[in-house]
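We use all heavy atoms of the structure for the numbers below, so side chains are in, but hydrogens, waters and symmetry mates are not. Below, chain A is the first sequence line, B the second, and so on; all start at residue 1. Predicted model, so just to flag it, every value in this text is computed and none were measured.
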2 protein chains.
Amino acid sequence: MKKDEKKYDNADECPITIFMDKIGGKWKPVIVWLLLNNGTMRFNELDKAINGITQKMLSQQLKDLELENIIKRISYPVIPPKVEYSLTDKGKTLSELLKGIMQWSKTNLQGNYQ
Amino acid sequence: MKKDEKKYDNADECPITIFMDKIGGKWKPVIVWLLLNNGTMRFNELDKAINGITQKMLSQQLKDLELENIIKRISYPVIPPKVEYSLTDKGKTLSELLKGIMQWSKTNLQGNYQ
DNA sequence: TACTTTATAGTAAGTTCTTGCGGCAAAGTA
DNA sequence: TACTTTGCCGCAAGAACTTACTATAAAGTA
């Protein structure tokens, strides 16, 4: 094998990397989790539910998730605006995965700060 | 309920957020995945295996994972240096989770770029 | 002698991510 | 009339994350 040659090429097409890129991060999993538990939520409800997020961030993340077809956005043409967010069928399939992550995290990451 | 009061407080202590913070990101899941599949690996092997990572990044991520007790580091006092990385028992318990993420990602995130 | 090897640590520079602030629309309420 | 409401957007500024580059040890090899 030549010098500097890469044996694998995991980073770019690794499904896990893609996942982290699209569903991971600081806010997206929380948004999905909330919608999973609460069904339909309005923008302001999500804003209040998520500690520390700014409206700017929230709308950005929602847009990303909508583009990935994880969430569904329904906008009512009223004033003041009313927009409802909920999970798509695809988004709902994240349920087990998130539960798994949550469980692992509770077991392994919580409480080792002492 | 008072104005601006938060109904929940998910972001800070949400296990999923903690997980993403500690095991998520661009490189960590890939490192864990590689160690899961290859057992023990040396620094250079990981470097070659991970497309696009810099050595600096790699050593930082490895250090983080070691602090979380996900990976184990064995350093041999020889010159040139030799350091071996492998998963701890705790790290190994990530196996199913990562497989699940990988599966979901393959099914749902791959190939919708057309 | 000069170069190569390995696993990092600094440092500076560059990028991307997040925040904060202000603003808009048009109806309802005080 | 003046203020409130909702779901954003745009811009500037700050924070965080990444990269690139240099350096090191001490033995082995050309």
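Looking only at distances, a side-chain donor or acceptor of B:Thr88 sits under 3.5 Å from a matching main-chain atom of B:Asn69. At least one donor-acceptor pair closer than 3.5 Å links the side chain of B:Asn37 to the backbone N or O of B:Trp33. At least one donor-acceptor pair closer than 3.5 Å links the side chain of A:Asn38 to the backbone N or O of A:Leu34. Judged by distance alone, with hydrogens and angles left aside, the side-chain atoms of B:Lys90 form a donor-acceptor pair with the main-chain N or O of A:Asn108 at under 3.5 Å. Distance alone, capped at 3.5 Å, places no donor-acceptor pair between the B:Ser95 side chain and the B:Lys92 backbone. In this structure a side-chain-to-backbone donor-acceptor pair under 3.5 Å is present from A:Thr107 to A:Gln103.
Spacing between atom CE of A:Met57 and atom C1' of D:dA16 amounts to 12 Å, rounded to whole angstrom units. Distance CG (A:Asp47) to C1' (C:dT19): 13 Å, rounded to an integer number of Å. Atoms CG (B:Asp21) and P (D:dA16) sit 12 Å apart, rounded to a whole Å. Atom-to-atom, CD of B:Gln61 to P of D:dA16 comes out at 16 Å; the value is rounded to the nearest Å. Rounded to whole Å, atom P of C:dT18 lies 7 Å from atom NZ of A:Lys26. One atom, CD1 of A:Ile79, and another, P of C:dA27, lie 7 Å apart when rounded to the nearest Å. The distance from atom OH of A:Tyr76 to atom P of D:dC8 is 13 Å, rounded to the nearest whole Å. Between A:Trp27 atom CH2 and C:dT18 atom P there is a gap of 8 Å when expressed in whole angstrom units.
Using cut-offs of 30° and 60° for the angle between ring planes, the B:Phe19 and A:Trp104 rings count as perpendicular.
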(request) Determine, for nucleotides 6-16 of chain C in 5'-to-3' order, which nucleotides have protein heavy atoms under 4.0 Å from the base (write B), from only the sugar-phosphate (write S), or from neither (write -). (result) BSBSBB-----

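Comparing the end axes of the helix from C:dT1-D:dA30 to C:dA30-D:dT1, each fitted to five base pairs by superposing C1' atoms of four pairs onto the next four, gives an inter-axis angle of 20° (nearest 10 degrees).
Residues that satisfy the salt bridge (Lys or Arg N to Asp or Glu O under 4.0 Å) test with A:Lys72, not counting sequence neighbours, are absent from this structure.
For D:dA20, the OP1/OP2 oxygens have no side-chain nitrogen or oxygen of B:Thr54 closer than 4.0 Å.
You'll find the side chain of B:Ile16 stays beyond 4.5 Å of the side chain of A:Val30, heavy atoms only.
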